[in-house]
Amino acid sequence: MPTFGYVLVALAQVLLVAAAAPLASGFSRMLRAKMHTRHGPGVLQDYRDLFKLLRRQDVRPPASGFVFRLMPIVMPATLLVVAMGTPILTRATPIAALGDLITTVYLFALARFFFALSGLDSGSSFAGIGASRELTLGVLVEPAMLLALFVAALLAGSTNLGDIGSAIVDGRTGSIAATVFALIAFGFACYVELGKLPYDMAEAEQELQEGPLTEYAGPSLALVKWSLALKQLVVVVWFVGTFLPFGAAPEPTFSGLAIGFLAVAIKVALIYGLVGIVENAVARARFRLTSRHTWLGVGVASLAFVFYLAGL
């Protein structure tokens with residue numbers, strides 16, 4: 001059972017990630033605009049967009065069903081549960097039952113499932129194409145993500161994300177090459193999950209990736225847009241908390257949590273900056289060619305498994 005201190009840490013992580021998600025998304029948009037030598041939106045523009053949508057009428061298509069109405073609630077709730085179990089501020093998982101890698105992967109799959117199913121349930125053919133695209137992307141990316149995580153779990157001797165991170169920090173994995181290749185494969189899978197170029201531009205409603213959002217409006221659209229920004233931030237802190245937990249608090253003390261917050265803020269900002277550089281250095285790839293890229297992630301994860309078996 002989690003102690004009272006770790007329960008408070010879990011709640012603090014949920015509030016922190018929920019509040020910072022639009023800020024991180026706005027920072028990413030501002031960085032891309034600066035790299036294009038454009039003025040672009042401000043860092044707080046996503047907050048303004050969300051508040052504007054919350055004041056508008058919530059309109060639903062007549063053909064939509066209960067999944068369409070339920071998705072704006074299920075998706076953010078699922079991602080907040082993931083944030084509660086991810087080791088963000090502390091090295092240990094605040095709630096061990098939620099910090100298992102299998103639980104985390106399936107919670108992400110649940111959010112993807114409802115996001116795609118809502119497009120089919122809307123009755124719009126365009127939204128249905130976007131739903132098919134989302135599910136295809138999941139099939140292509142999740143094998144590399146799962147294999148990389150399982151290699152890290154084998155190296156650490158535990159499927160708990162906090163234990164994996166602690167093993168990497170303490171150098172107890174016993175195989176440097178396998179750890180590095182698992183990190184690279186998981187980082188690549190996380191990049192694809194962010195919905196950045198060359199695979200997609202996640203904030204463009206005209207793109208098929210956000211086809212499921214075609215029929216949403218008002219507060220429902222605000223919740224889903226916040227959920228997409230939340231997903232991007234949760235994916236980044238998931239990567240940081242599992243493979244780069246340096247600076248996280250060993251114990252939930254005030255000073256340790258303050259240092260952990262500062263460390264994770266710096267790492268997240270650096271990763272968003274690196275993602276922005278990569279995104280602006282590549283051109284968009286055709287979606288049907290995505291499988292030619294994602295096999296690289298599976299290949300690197302497979303190499304990590306081979307190095308684990310070889311003890312390298």
Side-chain angles (χ1 to χ4, degrees), residues 2-31 42-51 54 72-100 103-104 107-108 111 160-162 164-166 169 190 193-194 202 222-275:
T3 63
F4 180 71
Y6 276 110
V7 171
L8 292 180
V9 170
L11 294 176
Q13 289 185 170
V14 169
L15 295 176
L16 179 64
V17 172
L23 179 64
S25 177
F27 173 73
S28 178
R29 294 174 63 184
M30 183 197 70
L31 185 64
V43 179
L44 303 179
Q45 183 60 46
D46 281 28
Y47 292 102
R48 301 187 189 99
D49 293 341
L50 292 177
F51 287 131
L54 288 172
I73 300 174
V74 172
M75 187 174 180
T78 304
L79 294 172
L80 290 176
V81 171
V82 173
M84 184 178 291
T86 304
I88 301 175
L89 300 177
T90 58
R91 187 181 299 182
T93 303
I95 300 179
L98 301 178
D100 187 84
T103 303
T104 304
L107 286 172
F108 269 107
N160 184 276
L161 298 178
I164 295 173
S166 297
V169 171
C190 289
E193 284 283 358
L194 290 176
L223 282 174
V224 180
K225 280 189 167 295
W226 173 60
S227 300
L228 291 175
L230 181 64
K231 179 184 177 182
Q232 292 183 4
L233 183 57
V234 169
V235 166
V236 172
V237 297
W238 185 21
F239 171 72
V240 168
T242 305
F243 285 95
L244 300 172
F246 305 98
E251 296 294 335
T253 61
F254 181 79
S255 59
L257 292 176
I259 295 174
F261 170 76
L262 182 61
V264 75
I266 293 174
K267 286 182 285 187
V268 168
L270 290 175
I271 289 176
Y272 268 91
L274 180 61
V275 167

| field | Rounded distance (nearest 0.5 Å) linking atom CG of Leu257 with atom OG1 of Thr90 | value | 7.0 Å
| request: For Leu89 and Leu16, run side-chain contact (heavy atoms from CB on, under 4.5 Å): C-alpha distance rounded to whole Å, both residues' side-chain angles, the deciding distance at 0.1 Å, then the answer. | output: CA-CA 10 Å; Leu89 300 177; Leu16 179 64; 4.2 Å; yes
| remark: Shortest non-hydrogen pair, Ala10 vs Pro94, comes out as CB-CB, 3.8 Å
| remark: Taking every heavy atom of Pro250 against every heavy atom of Tyr6, the minimum-distance pair comes out as O-OH, 3.7 Å
| field | Full working for side-chain contact (heavy atoms from CB on, under 4.5 Å) between Val9 and Gln13 | value | CA-CA 6 Å; Val9 170; Gln13 289 185 170; 3.9 Å; yes
| 4.5 Å side-chain heavy-atom contact, Arg91 and Val169 | yes
| field | Neighbour count above 12 (heavy atom, 6.0 Å) for Phe261 CZ | value | no
| query | So, the side chain of Trp226 versus the backbone of Ala18: is there a donor-acceptor pair under 3.5 Å, distance only? | reply | yes
| Nearest atoms (heavy-atom pairs only) where Pro87 meets Ala92 | CB-O, 3.7 Å
| task | Evaluate the side-chain proximity of Val17 to Leu79: yes if any heavy-atom separation is below 4.5 Å, no if none is. | result | no
| task | Using a 4.5 Å cut-off on heavy atoms from C-beta on, say whether the side chain of Leu161 contacts that of Asp100. | result | no
| task | Using a 4.5 Å cut-off on heavy atoms from C-beta on, say whether the side chain of Leu23 contacts that of Val43. | result | yes
| remark: Exactly one of Phe27, Tyr47, Phe51 clears side-chain contact (heavy atoms from CB on, under 4.5 Å) with Pro22, and that residue is Tyr47
| remark: Rounding to 0.5 Å, atoms CD (Gln45) and OG (Ser25) come to a distance of 10.5 Å
| field | side-chain contact (heavy atoms from CB on, under 4.5 Å) assessment of Lys231 paired with Leu194 | value | CA-CA 8 Å; Lys231 179 184 177 182; Leu194 290 176; over 6 Å; no
| query | Rounded to the nearest 0.5 Å, how far does CD1 of Ile73 lie from OG of Ser227? | reply | 10.5 Å
| said: Show the nearest heavy-atom pair for residues Leu233 and Ala24, with the distance to one decimal. | reply: CD1-CB, 4.2 Å
| message | Would you say that more than 12 heavy atoms from the other residues, nucleotides or ligands in this model lie under 6.0 Å from the CZ of Phe246, or not? | response | yes
| message | Please verify the inter-ring angle class for Phe108 with Trp238; under 30° counts as parallel, over 60° as perpendicular, anything in between as tilted. | response | parallel
| Under 4.5 Å between any side-chain heavy atoms of Leu98 and Thr93, yes or no? | no
| message | Show, in sequence, the C-alpha distance, side-chain angles and deciding distance for Leu80 and Leu230, and conclude whether the side-chain contact (heavy atoms from CB on, under 4.5 Å) test is met. | response | CA-CA 8 Å; Leu80 290 176; Leu230 181 64; 3.9 Å; yes
| task | Drop me the distance from Leu223's CG to Leu54's CG, to the nearest 0.5 angstrom. | result | 7.0 Å
| message | Within this structure, what is the CG-CG distance for the pair Leu244 and Leu270, rounded to the nearest 0.5 Å? | response | 10.5 Å
| Spatial distance of atom CD1 (Ile88) from atom NZ (Lys267) [nearest 0.5 Å] | 11.0 Å
| query | Any side-chain heavy atom of Val275 within less than 4.5 Å of one from Leu31? | reply | no
